[in-house]
Asker: 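Below is a structure I'd like to ask you about.
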Amino acid sequence: MSTATALRTFPDVRADFPGLTPGWHYLDTAATAQKPQAVIDATVNAMGCDYATVHRGVYARSADMTLAYEAARRRIAGFIGAKEEQIAFVRGATEAINLVAYSHPRKGRVLLSMLEHHSNIVPWQLAGWQVDVCPLTADGCIDLAAAEKLLTPEHTMVAFAHVSNVLGSPLDVARAAELAHRVGAELLIDGCQAVPRLPVDVATLGCDYYAFSGHKLYGPTGIGVLWSDKLSALPAWQGGGSMIDRVTFERTTYAPAPTRFEAGTPAIIEAIGLAAAVDYVEAIGIDAIHAHEVGLVTSLREQLARKNSITLFGPENSAGIVSFAMAGVHPHDIGTILDESGVAIRAGHHCAQPLMEHLGVPATARASFGVYNNDDDVAALIDGLARVERIFG
């Protein structure tokens, strides 16, 4: 299907998102996605007429809420091709990466890449890992040929983004897994930007850990997922209620995975909301979403490339994300002027300061797409940039 055909045939779902007020062009989905009414309704009901605690009450509503909570786990697991016992609910991808970095029994060397988000850099540093850095290809993808040369038996972990939050660069996860496993290392994938826009099947990717956040998948904030078929090999990380088997002052034993990683009262409402978001995305179809976003990225990149003042970053096949700079104009000024025209983009270092240094810029302007975007949003951005050029010309 051509990109033009994909844009014409994709359903217009903007009315499903009450946060998208008329005349407002939201192009910051890579930061956080707007929420469809179905997700809002699911969370309101879970917080209201259905609300009770889970796993503890013997009364009927608590039992019903427990069933709903665990059904949400099964639903979300199925979305990424996982088994329910292989996913732990966490506060987001940041907590998932911290969990692995701190609790992994073989702390050693970790290979990261130049394009990683801070949440896939700082946890490894804080937990005492020795960090090595894989360079990028000329078009801004993780250089797996370089990774192959850098990896040694001293590496016990490789941690890469599936899709860059700045460049939209997609990763060949299966190839990265092959290289990591060849030297006895494990592979953790930050899937925050991939899960909302690419088909993800952890059973075939070959990675050892996969992390993502719910709020980028049209779900609530405060919840994310850590998948691994090796959860049972990780020790407990945070202590408290729910994650225990038996507690005495002399000794505590812990529940099996994934329960041992869910200390305290869990994010009940958020889990149910995230399951509703998965339902919403699957009703549209992840392949259709990907094709739609490919069309929007292609259209925007083609139009930006015609502007002599614009420098584009990232590969041609960037997934849902377009970063750029305008000569002589700071990205913050671009973002402010666009906002006056009703266009919302992200401007800054995008929690990827090492990448900014690599690109030789203090910041970039970033447009990122979701299911609700269309050609009108691209046109509004292009018109807004023309105004920026007139102001600074």
Side-chain angles (χ1 to χ4, degrees), residues 11-22 24 26 28-29 31-80 82 84-85 87-96 192 195-196 211-227 238 240-244 255 258-286 289 344 370-372:
D12 183 359
V13 298
R14 189 178 175 92
D16 294 344
F17 293 83
L20 298 177
T21 52
W24 192 50
Y26 184 71
D28 196 22
T29 298
T32 193
Q34 294 290 317
K35 315 307 174 194
Q37 189 64 50
V39 169
I40 296 169
D41 290 344
T43 57
V44 167
N45 289 337
M47 191 182 293
C49 59
D50 297 336
Y51 187 73
T53 192
V54 297
H55 297 150
R56 298 170 187 174
V58 297
Y59 49 92
R61 187 184 289 186
S62 177
D64 289 343
M65 185 60 93
T66 298
L67 291 173
Y69 177 75
E70 292 302 333
R73 189 192 304 275
R74 287 192 299 276
R75 184 73 184 91
I76 296 161
F79 181 62
I80 60 169
E84 61 184 291
E85 65 271 17
I87 71 164
F89 286 132
V90 288
R91 288 183 299 164
T94 298
E95 183 170 272
C192 282
V195 166
F212 65 94
S213 296
H215 71 101
K216 298 180 192 292
L217 184 60
Y218 308 98
T221 56
I223 189 165
V225 170
L226 173 64
W227 168 86
Q238 295 175 325
S242 295
M243 49 75 70
I244 58 92
T259 306
R260 80 161 68 108
F261 302 113
E262 297 177 7
T265 301
I268 305 165
I269 296 159
E270 292 80 0
I272 290 171
L274 183 52
V278 165
D279 286 342
Y280 184 84
V281 167
E282 286 207 324
I284 298 172
I286 197 70
I289 292 170
V371 296
Y372 31 67

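The figures that follow rest on heavy atoms only: side chains count, while hydrogens, waters and symmetry mates do not.
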Asker: Sequence neighbours left out, what passes ring pair (Phe, Tyr, Trp, His ring centres under 6.0 Å) with His215? Give chain and number order.
Answerer: none
Asker: Over all heavy atoms of both residues, which pair between Ile87 and Ile80 is shortest? Give the atoms and the distance, please.
Answerer: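 Where Ile87 meets Ile80 most closely, the heavy atoms are CG2-CD1, 4.5 Å.
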Asker: What pairs with Phe212 under ring pair (Phe, Tyr, Trp, His ring centres under 6.0 Å), at least two apart in sequence or on another chain?
Answerer: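 Per chain and number, Phe212 pairs via ring pair (Phe, Tyr, Trp, His ring centres under 6.0 Å) with no residue.
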Asker: Would you please name every residue forming a salt bridge (charged side-chain N to carboxylate O under 4.0 Å, His left out) with Asp16, sequence neighbours left out?
Answerer: none
Asker: Output yes when a side-chain donor or acceptor of Ser62 lies under 3.5 Å from a complementary backbone atom of Val58, and no otherwise.
Answerer: no
Asker: With sequence neighbours excluded, tell me which residues meet salt bridge (charged side-chain N to carboxylate O under 4.0 Å, His left out) with Glu270.
Answerer: none
Asker: Quick one: side chain to side chain donor-acceptor pair (under 3.5 Å) partners of Glu282, sequence neighbours excluded?
Answerer: Arg75
Asker: Identify the two heavy atoms, one from Ala88 and one from Arg73, that lie closest to each other, and give their separation to 0.1 Å.
Answerer: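 Distance-wise, the nearest heavy atoms are CA-NH1, 4.2 Å.
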Asker: With Tyr26, which residues qualify under ring pair (Phe, Tyr, Trp, His ring centres under 6.0 Å), at least two apart?
Answerer: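 Ring pair (Phe, Tyr, Trp, His ring centres under 6.0 Å) list for Tyr26, sorted by chain: Trp24.
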Asker: Please name the pair of heavy atoms, one in Thr29 and one in Gly370, separated by the smallest distance, quoted to 0.1 Å.
Answerer: OG1-N, 3.8 Å
Asker: Mind checking side chain to side chain contact (heavy atoms under 4.5 Å, CB included) for Val371 and listing every partner two or more places apart, or none if nothing turns up?
Answerer: Phe10, Val13, Phe17, Tyr218, Tyr280, Ile284, Ile289
Asker: Excluding sequence neighbours, so at least two apart, what forms side chain to side chain contact (heavy atoms under 4.5 Å, CB included) with Arg91?
Answerer: Glu95
Asker: Mind checking whether Pro18 and Ile40 have side chains closer than 4.5 Å, heavy atoms only?
Answerer: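 With C-beta onward as the side chain, the pair touches.
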Asker: If you compare all heavy atoms of Ala38 against all heavy atoms of Ala276, which two are closest, and at what distance to 0.1 Å?
Answerer: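 Result for this residue pair: O-CB, 4.1 Å.
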Asker: Report the residues that fulfil side chain to side chain contact (heavy atoms under 4.5 Å, CB included) with Thr259, sequence neighbours left out, ordered by chain and then residue number.
Answerer: Ala255
Asker: Identify, with sequence neighbours excluded, every residue that meets salt bridge (charged side-chain N to carboxylate O under 4.0 Å, His left out) alongside Glu85.
Answerer: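 Applying salt bridge (charged side-chain N to carboxylate O under 4.0 Å, His left out) to Glu85 gives none.
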Asker: Output the distance between atom OG (Ser242) and atom CD (Glu262), rounded to the nearest 0.5 Å.
Answerer: 8.5 Å
Asker: Enumerate the side-chain hydrogen bond (donor to acceptor under 3.5 Å, both in side chains) contacts for residues 34-51, please, sequence neighbours excluded, ordered by first and then second residue.
Answerer: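 The answer is Gln37-Asp41.
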Asker: Using modelled atom types only, decide if a donor and an acceptor are shared between the side chain of Lys216 and the backbone of Ala33 within a distance under 3.5 Å.
Answerer: no
Asker: List the residues meeting side chain to side chain contact (heavy atoms under 4.5 Å, CB included) with Ala271, not counting sequence neighbours, and say none if there are none.
Answerer: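 Expected list: Tyr69, Ala72, Phe89, Ile223.
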Asker: Write down the atom of Arg260, the atom of Met243, and the distance for their closest heavy-atom approach.
Answerer: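 Answer, listing the atom of Arg260 first, then Met243: O-CB, 3.4 Å.
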Asker: Starting at CD1 of Ile76, measure out to CG of Asp279 and round the result to the nearest 0.5 Å.
Answerer: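 Going from CD1 on Ile76 over to CG on Asp279, the span is 9.5 Å.
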Asker: On a heavy-atom basis, which atom in Thr66 and which in Val54 lie closest, and how many Å separate them?
Answerer: OG1-CA, 3.3 Å
